[in-house]
Amino acid sequence: MHEHLGYEHILVLVGSQRDQNTTAAPGTLMINPPGTRHSIVGEAGCIVLAIYEKPVRFEAGERSCETADFRRTFEVRSRLWTETGARRK
């Protein structure tokens, strides 16, 4: 479970993901405002474009695979952004 400190925009590109509110199929745009909380499951896998206004806060003691995967995914996205032209010239 994590809480949004700022807006989160998720566009599902491939596969689907589910949280406590809905199941999102490809092409679905979800906007989670600050203060909302949820857990995400992508049972068959999914690829999303995720834009975060601010970092998310994970519940204390959270040790789930979801948390590790989410953090790793966020780090990879950040690295790819830096390596693919986000550098200042």
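Just so you know, residue 1 is the first one in the sequence shown, and it goes up from there. Atoms considered below: every heavy atom in the structure, side chains included; atoms not considered: hydrogens, waters and symmetry mates.
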Closest non-hydrogen atom pair between Ala24 and Met30, with its separation: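 The pair with the smallest heavy-atom distance is CB-SD, 3.6 Å.
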
Which atom of Ile31 lies closest to which atom of Pro33, heavy atoms considered: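 Heavy atoms of Ile31 and Pro33 come nearest at O-CD, 3.6 Å.
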
Candidate list Met1, Arg37, His38, test side chain to side chain contact (heavy atoms under 4.5 Å, CB included), partner Asp19, passing option: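 Single pass found, and it is His38.
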
Cluster check Leu5, Tyr7: I/L/V/M/F/W/Y, side chain < 4.5 angstrom: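 As far as the 4.5 Å side-chain criterion goes, Tyr7 and Leu5 are not connected within one cluster.
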
Ile40 and His2: CA distance, side-chain angles, deciding distance, side-chain contact (heavy atoms from CB on, under 4.5 Å) verdict: CA-CA 9 Å; Ile40 301 165; His2 64 268; 3.8 Å; yes

Any donor-acceptor N/O pair, Ser16 side chain to Ala25 backbone, under 3.5 Å: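 The answer is no, because no donor-acceptor pair under 3.5 Å joins these two groups.
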
Backbone of Ser39 reached by a side-chain donor or acceptor of Gln20 within 3.5 Å: yes

Separation between [atom1] of [X] and [atom2] of [Y], rounded to the nearest 0.5 Å:
| X | Y | atom1 | atom2 | result |
| --- | --- | --- | --- | --- |
| Leu11 | Thr28 | CG | OG1 | 8.0 Å |
| Lys54 | His4 | NZ | NE2 | 13.5 Å |
| Glu8 | Asn32 | CD | CG | 4.5 Å |

